[in-house]
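Predicted model, so just to flag it, every value in this text is computed and none were measured. Along the sequence shown, residues carry numbers from 1. Each ligand, and each atom within it, is numbered from 1 in the order the structure gives.
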Amino acid sequence: MWNFSRNISRNAGESLTAQLQNIVRSEIAQGVLHPGTPMPSTRRLAADLSVSRSVVVEAYGQLVAEGYLEAVRGSGTRVARHLAPAGAASRDQRPEPALPVSPPAPWIDLRTGGADSTPHFPHREWLASYQRALYAVRPGQLDYPPLAGTAPLREELARYMGRVRGVRTAPEQVMVVSGFAQGLGLLCSVLPHRGAPDMAVEDPCHQRLRGFVKDAGMRPLPIPVDREGIDVEALARSGARAVLVTPTHQFPTGAVLSGQRREALLRWAHDVDGWIVEDDHDGDLWFDRAPRPLALQRRAPDRVVHAGTVSKTLVPGLRLGWLVAPPALFADLERVRAHRDLGHDVLTQLAFADLMASGAFDRHLRSTRARYRGRREALTDALQRHLPEASLLGAAAGLHVYVGLPRAADEEALVAAAQRRGVRLRGGREFHAAPHRSRPALVLGYGAHSRTGLRRAAAELAAGYAETAAAGSAGSAGSAPKAARKFSNTGSPRGVLMLSG
Ligand SMILES: Cc1ncc(COP(=O)(O)O)c(C=O)c1O
């Protein structure tokens, strides 16, 4: 049954055909009928409006002639697709912001977390798991799920995390969440009631997560990171009683929390009766020769909340993550959640449980690790060859590499020069709480790109770097060219560059 916002009236003083035309024109103009919307058949619309079919045939004919509708051979009539969507006209009238020279469309996007940053989704295996989950589902299972997640997934996750990351937990302590983002929001609602109004965050860190902490009502306190991970003495001075850390592979610097700092961090948590949130965002993607550190949580399961996600191992679009929380916090998390949402998509949970139980997830990780390792090596080898001034920091893991630049390098100019060469990327400053005080750096995501593309991007970056150096030297006065002085400071051995200050 078609409903228009106005009815056709036999007493309107206007023909039925004209009324129908006016209604369709007005519905299109108001954005009710969108370009491409199929119109009902003349027979059906005539029946719905209680008019003769010839009225509709004539109205459609006129609207086609005017360009409002188009007749499509074999599939009736629809609203013309060339029409601008309603509302677009007013947007179009706004003057375009003046761009001096528009950069070329990027041929490679090295931004972390960008579209397609984890392109190796196991389509076939996921489909098989989803199908098995769907066929095996019992009627009650498609009701609202338990808030903490479905039993099969919580069991698989507890087993997996124990086996692979050394996490000490039971299924009852595992909460399935819509990605770490949701988990962090829940924690930020709970921790202030446990004596922690502030959340210490690493500096640099994921800018969005810092924003989430703030928007969730906790005060983010930036704590510096160096090549050993978070500075625990600075953390102790901050007065915080909760901290968000990425100890296995610091985001974005890649630093691994050293053994000494691990001990100090655990001691800090004990001394201040505090909480550690361990964001294990890419702990499953480890390629370094050094052994992968086990989860911090195993050392203090009563103080550490361990968080995992499929955003880097499968795809972010699944919005699937988990928290392992000490019993004292777990009940609070469930209470908060009961007022916020009604649980996570059941079929996705059951499919992921099946993917894990069938061994397909392990196989997927093995093959993606090999692929990502190859891409990382291609990029880092090419950077070392083309841009020897750069220091490649951190462990070989995850989907990005942090490239430290000499202190005097012009990060902003280099990002712009790369962009002009079609290479899209982020500078390190974006991730720092005080960008102007941070050491220049680049953060390069390699997950989505071929080795050839990455090698070419490294060469373009080096060319961009030379260009910014030359520009710096041309703009300077004095006997020694500024750029030469600037960029001669390149002796940082691998991993020794400080990250800020
Ligand atoms: C540092 C860090 N933590 C967590 C995540 C994952 O967040 P989510 O599970 O909400 O996608 C990411 C993803 O990019 C990340 O970079």
Side-chain angles (χ1 to χ4, degrees), residues 109-121 149 153 157 161 165 174-188 199-213 215-216 220 222-223 225 229-230 243-257 276-286 295-297 304-324 333 337 340-341 344-345 348-349 352 368 372 393-395 397-402 425-426 428 430-433 443-448 499:
D109 189 347
L110 300 177
R111 291 173 305 166
T112 52
D116 278 350
S117 55
T118 49
H120 300 298
F121 185 67
L153 181 54
L157 284 170
M161 281 185 282
R165 305 293 295 118
V174 178
M175 175 177 276
V176 178
V177 285
S178 295
F180 178 60
Q182 187 194 26
L184 182 60
L186 291 170
L187 285 164
C188 289
M199 175 78 90
V201 294
E202 295 167 323
D203 183 22
C205 72
H206 196 303
Q207 342 73 309
R208 269 201 174 159
L209 297 186
R210 188 166 49 217
F212 286 161
V213 168
D215 292 343
I223 309 295
V225 165
I230 192 164
V243 65
L244 169 59
V245 281
T246 46
T248 301
H249 190 226
Q250 205 276 329
F251 188 90
T253 66
V256 179
L257 193 66
I276 300 171
V277 180
E278 174 179 37
D279 174 9
D280 200 36
H281 59 109
D282 61 5
D284 286 326
L285 299 173
W286 185 266
L296 197 62
Q297 186 269 3
V304 179
V305 179
H306 178 85
T309 175
V310 301
S311 286
K312 290 180 181 170
T313 51
L314 288 173
V315 272
L318 284 177
R319 304 310 303 132
L320 193 58
W322 50 91
L323 299 178
V324 174
L333 288 167
R337 200 162 176 190
R340 297 242 177 117
D341 67 85
H344 190 74
D345 166 9
T348 298
Q349 292 189 52
F352 186 45
T368 49
Y372 291 139
L393 300 183
L399 297 173
H400 74 278
V401 60
Y402 193 87
L425 48 81
R426 290 190 215 282
E430 279 190 39
F431 300 84
H432 284 261
V443 180
L444 308 179
Y446 48 76
L499 305 165

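- Checking side-chain atoms of Gln349 against main-chain N and O of Gly149 turns up no donor-acceptor pair under 3.5 Å.
- Side-chain atoms of Gln182 do not come within 3.5 Å of backbone N or O of Val176 as any donor-acceptor pair.
- Between the side chain of Glu278 and the main chain of Ala295, no donor-acceptor pair closer than 3.5 Å is present.
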Short N or O contacts of ligand 1 with protein, under 3.5 Å, listed by atom name?
from: ligand 1; atom 1: 3 (N); to: Asp279; atom 2: OD1; distance (Å): 3.4
from: ligand 1; atom 1: 3 (N); to: Asp279; atom 2: OD2; distance (Å): 2.6
from: ligand 1; atom 1: 9 (O); to: Phe180; atom 2: N; distance (Å): 2.7
from: ligand 1; atom 1: 9 (O); to: Thr309; atom 2: OG1; distance (Å): 2.7
from: ligand 1; atom 1: 9 (O); to: Ser311; atom 2: OG; distance (Å): 3.4
from: ligand 1; atom 1: 10 (O); to: Phe180; atom 2: N; distance (Å): 3.1
from: ligand 1; atom 1: 10 (O); to: Ala181; atom 2: N; distance (Å): 2.9
from: ligand 1; atom 1: 10 (O); to: Arg319; atom 2: NH2; distance (Å): 2.8
from: ligand 1; atom 1: 11 (O); to: Ser311; atom 2: OG; distance (Å): 2.5
from: ligand 1; atom 1: 11 (O); to: Arg319; atom 2: NH1; distance (Å): 3.0
from: ligand 1; atom 1: 16 (O); to: Lys312; atom 2: NZ; distance (Å): 2.9

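- More than 12 heavy atoms of other residues, nucleotides or ligands lie within 6.0 Å of CZ in Arg340, so this atom counts as buried by the packing criterion.
- The aromatic ring centroids of His281 and Phe251 lie less than 6.0 Å from each other.
- Looking at heavy atoms from C-beta onward, Met199 lies out of side-chain contact with Pro220 at the 4.5 angstrom threshold.
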